[in-house]
There are 2 protein chains.
Amino acid sequence: MTVTLADVAARAQVSPATVSRVLNGNYPVAASTRERVLRAVDELDYVLNGPASALAAATSDLVGILVNDIADPFFGIMASAIQSEIGGPGGRAGGERLAVVCNTGGSPERELTYLTLLQRQRAAAVVLTGGAVEDSAHASAVGNKLRKLADAGTRVVLCGRPPAPEAIALTFDNRGGGQRLTEHLIGLGHRRLGYIAGPEERTTTRHRLEGHRDALAAAGIEDDPRRTVHGRYDRHAGYEATLELLHRDPSITAVVAANDTVALGACAALRDSGLRIPDDVSVAGFDDLPFSIDAVPALTTVHLPLAEAGARAGRIAMGREEPPASGIATVPGELVVRGSTGAPRE
Amino acid sequence: MTVTLADVAARAQVSPATVSRVLNGNYPVAASTRERVLRAVDELDYVLNGPASALAAATSDLVGILVNDIADPFFGIMASAIQSEIGGPGGRAGGERLAVVCNTGGSPERELTYLTLLQRQRAAAVVLTGGAVEDSAHASAVGNKLRKLADAGTRVVLCGRPPAPEAIALTFDNRGGGQRLTEHLIGLGHRRLGYIAGPEERTTTRHRLEGHRDALAAAGIEDDPRRTVHGRYDRHAGYEATLELLHRDPSITAVVAANDTVALGACAALRDSGLRIPDDVSVAGFDDLPFSIDAVPALTTVHLPLAEAGARAGRIAMGREEPPASGIATVPGELVVRGSTGAPRE
DNA sequence: CTGTTAGCGCCTTCAA
DNA sequence: TTGAAGGCGCTAACAG
C-alpha cells in the first residue's frame with residue numbers, strides 16, 4: 001500500500017540501512033549510490049514515516065511554539081519570527097523541522113496540556129512566549145514539565161516571558177518600559193493619570209504596573225488606587241475601563257493602557273465621551289504593534305522588538321546561537337513618542 | 001530510563017494491552033482495573049510515546065493548520081477558531097489532538113514542504129486557509145499532495161480558499177463582496193474610483209478585483225486600468241499605492257483597498273497628502289478586522305465571518321459536522337458601511 | 001473483560 | 001562504504 005523504506009531499497013538495489021543513511025545524511029555514502037537512492041525515492045514518491053523514524057531515533061523534528069493568543073499580532077509577530085528561524089520549510093536553516101504554533105488561549109490548563117502533547121511527540125524544542133500566569137500551583141506544574149522536557153533532550157526557551165530556572169529566557173523589560181512611559185507623561189506635566197492594567201494574575205500586567213508606580217513614586221505623586229482598573233488585554237476592556245476611570249475621576253488628564261490594543265479601546269471611549277486626544281486627555285499604549293501608528297492621533301507607546309527577540313529565541317532553540325551566559329537576557333523596550341500624548345489641559 | 005507502557009503494566013499488574021486500552025478508551029475495561037492502571041500511570045508519571053503509538057496505529061493525533069501569514073489577524077482569527085474546534089487541549093472536543101499552526105509566509109514552496117511534513121507525520125487532518133497562488137504548476141503540485149493526504153486517510157479542508165477537487169471547501173464570496181462594496185460607492189455618486197489590488201497571482205486578489213469591475217461595468221463606468229495598482233497585502237503597499245493613484249489621477253474621489261490593512265495605509269497616505277476622509281476621498285477596505293472600527297473615521301468594509309468559518313472548518317475536519325453536500329460551501333461577506341465613505345466632493 | 005502475539009517502519013550498532 | 005539484525009514502544013487482532 002504505502003511505500004516504505006524497504007521498497008526504495010529494493011528499487012535502488014541497496015539495503016534499507018543505506019537508504020536511511022542517504023536520507024539522513026549522517027553517514028558517508030558513495031555519490032553514485034546516493035544518486036540511485038534519490039532517484040528511487042523520487043520514482044516511488046516515497047515519504048518518510050515520521051513516527052517510525054522518531055520512534056527508532058528517539059527524537060523528532062517537531063518544534064512547538066506556545067502562544068497565548070494567536071489572533072493577537074503581538075504573538076503572531078513573535079511566532080512568525082521564531083518559526084522562520086527554526087527553519088521549517090524554506091527557512092534560513094534550510095532544515096526540515098516542523099515548526100508549529102500552539103494556541104493556549106491564555107489558559108493554564110491548555111498550556112500544560114500542550115506541553116504534555118509536545119512531550120509525547122518527543123519534540124526537539126519548545127518555545128514559550130508571552131507572560132505567564134502568577135499562580136504558584138500552575139507555575140510549579142509548568143516548571144516540572146519544563147524540567148522533564150529538558151531532561152528528555154527537548155530544548156526549552158522562553159521568549160518575552162519571565163525567567164524560570166528550567167529554561168533559557170529572553171525577557172522583556174516591561175517594568176522599565178512602563179516606568180519610562182509614565183515618566184514621559186509626568187514630564188509633560190500630568191499629575192492625575194488613569195491606568196488600565198491587564199488581567200491581575202499575569203506577570204506582564206504586574207511588571208508594567210510596577211514600572212508605572214515606580215515613576216509615580218519617584219515624582220512624589222500619590223498612587224490613588226481608584227485610578228487603576230484591571231481588564232483583559234483587548235479593545236473592549238480598554239473601552240469599558242476608560243469609561244470607568246472617567247466616571248471615578250473626571251479630572252484625569254492621561255490614560256496609560258496595558259497595551260496598544262487596550263489603548264485603542266481607550267481612544268474610542270474618549271472620543272465617544274466627547275474628549276479630544278491629546279488636548280483633553282493623553283493616551284499611551286505598550287508594544288508598538290503595527291496598527292498603533294495608524295491610530296489618530298498616532299499612539300505614544302513602548303516599542304518591543306518582538307521580531308528580533310523571536311528570531312533570537314528561535315536560533316537559541318535550534319542551537320544556532322549561544323544562549324546568554326546567565327541563562328537570562330533582558331530585552332529593553334524603547335519609548336516611542338507620537339501624537340497621542342501632550343501637555344495636560346489647563 | 002524513560003517510563004514505558006510496560007512499566008505501567010507491571011506496576012498495575014495487568015498486560016500492556018490493557019494499559020493501552022485504558023489510555024485510549026476504545027475498549028471496555030473493568031472499572032477497578034482502569035482505576036489501578038490510572039493510578040500506576042500517575043505514580044510513574046507516565047507519558048505516552050506519541051511516535052510509537054502513531055506507528056502502531058498508523059495514525060497520529062496531529063492536525064495541521066496552514067496559514068499565509070501568522071502575524072496577520074485575518075489568519076490568526078481563523079486559526080484560533082479552527083484550533084478551538086479541533087479540540088486540542090481544553091477545546092470543546094475535549095480530545096487530545098495536537099492542533100498546530102504552520103506559517104507558510106505565502107510561499108508556495110513552504111506550503112508544499114509543510115504539507116509533506118504533515119504527510120510524514122501521518123496527520124489526522126489538514127486545514128488550508130486563505131487564498132491560493134494562481135500558478136498551474138504549483139496548483140497541481142498542491143492538488144497531488146492533497147490527494148495523497150486524503151488517500152492516506154488525512155481529512156483535508158479548505159477554509160477561505162478557492163475550491164479544489166481534492167478537498168472540502170469553505171470559500172469566501174470575495175467576488176460578491178467586492179461587487180457590493182463598489183456598488184455602495186457608486187451609489188454614493190462616485191465615478192472615479194482608485195483600486196488597490198493585492199499581489200497579482202493570488203486568487204483572493206483576482207476575485208475581489210473582478211467584483212469591483214463587475215460593479216463598474218454594471219454602472220456603465222469605464223474601467224480605466226490606470227486606476228488600478230497592485231501591491232502586497234500590507235499597510236506600506238497601501239500607502240505607496242495611494243500616492244501612486246493620486247499621482248496618476250488627482251481627481252479620484254474614492255479608494256477601494258484589497259483589504260483593511262491596505263486601507264489603513266491608504267488613509268495614512270491621504271492624510272499625509274492633506275486630503276480629508278471621506279470629504280475629499282472615500283476609503284473602503286475588506287475583511288472587517290477588529291482594528292477597522294478604530295480607524296478614524298471608521299472603515300467601511302466587507303465583513304467576513306472568519307471565526308464562524310474557521311470553527312466550521314474545524315468541525316468538518318474533525319468529522320463532527322457534515323461537510324456541505326456538494327463539497328463546497330460559499331460563505332458570503334456582508335457590506336458594513338461606516339464613516340470612511342461618503343458622497344464625493346463637488 | 002483480559003492476556004498473548006505479532007508486527008508497524010525505521011535507525012543503529014556491529015561486522016564485513 | 002555497505003549489509004544484517006535487533007529493537008524502539010505501542011496497538012490490534014486473536015484467543016481465552
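Residue numbers begin at 1 in each chain, while the letters A, B, ... track the order of the sequences. Both backbone and side-chain heavy atoms feed into the values below; hydrogens, waters and symmetry mates do not.
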Expressed as a whole number of angstroms, how long is the span from [X]:[atom1] to [N]:[atom2]?
X	N	atom1	atom2	value
B:Asn26	C:dC1	CG	C1'	15 Å
A:Arg36	D:dT1	CZ	P	15 Å
A:Asn24	C:dC10	CG	P	11 Å
B:Leu44	D:dG9	CG	P	14 Å
B:Leu5	D:dC8	CG	P	14 Å
A:Arg122	D:dG9	CZ	P	8 Å
A:Glu35	D:dT2	CD	P	13 Å
A:Leu23	C:dG9	CG	C1'	12 Å

Are OP1 or OP2 of C:dT12 and a side-chain N or O of A:Ser20 less than 4.0 angstrom apart?
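So the side-chain polar atoms of A:Ser20 never come under 4.0 Å of the phosphate oxygens OP1 or OP2 of C:dT12.
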Does B:Ser15 make a side-chain N or O approach to OP1 or OP2 of C:dG3 shorter than 4.0 Å?
yes
Compare the minimum distances between each of [options] and the side chain of [X], then state the nucleotide with the smallest one.
X	options	value
A:Arg21	C:dC11, C:dT12, D:dG9	C:dT12
A:Ser53	D:dT11, C:dC11, C:dT2	C:dC11
A:Asn49	C:dG9, C:dC11, D:dT2	C:dG9
A:Thr18	C:dT2, C:dC8, D:dT2	D:dT2
A:Ala56	C:dC8, C:dT2, C:dC10	C:dC10

Please walk me through it: do B:Glu201 and B:Asp135 pass side-chain contact (heavy atoms from CB on, under 4.5 Å)?
CA-CA 7 Å; B:Glu201 70 287 357; B:Asp135 172 86; over 6 Å; no
Please classify the nucleic acid contact of [X] as base, sugar-phosphate, or nothing, using heavy-atom distances under 4.0 Å.
X	result
A:Val19	nothing
B:Leu55	base
A:Ala30	sugar-phosphate

Distance only, no hydrogens: is a donor on one side chain within 3.5 Å (strictly under) of an acceptor on the other, for B:Gln121 and B:Asp61?
no
Test item: side-chain donor near acceptor, A:Ser107 and A:Thr104, under 3.5 Å:
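No, A:Thr104 and A:Ser107 have no side-chain donor paired with an acceptor closer than 3.5 Å.
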Comparing A:Tyr46 with A:Tyr27, nearest DNA chain C nucleotide closer to 5' gives the residue A:Tyr46
Donor-acceptor contact below 3.5 Å, side chain B:Arg36 vs main chain B:Ala12
yes
Residue pair B:Leu118 / B:Leu66, side-chain heavy-atom distance below 4.5 Å:
yes
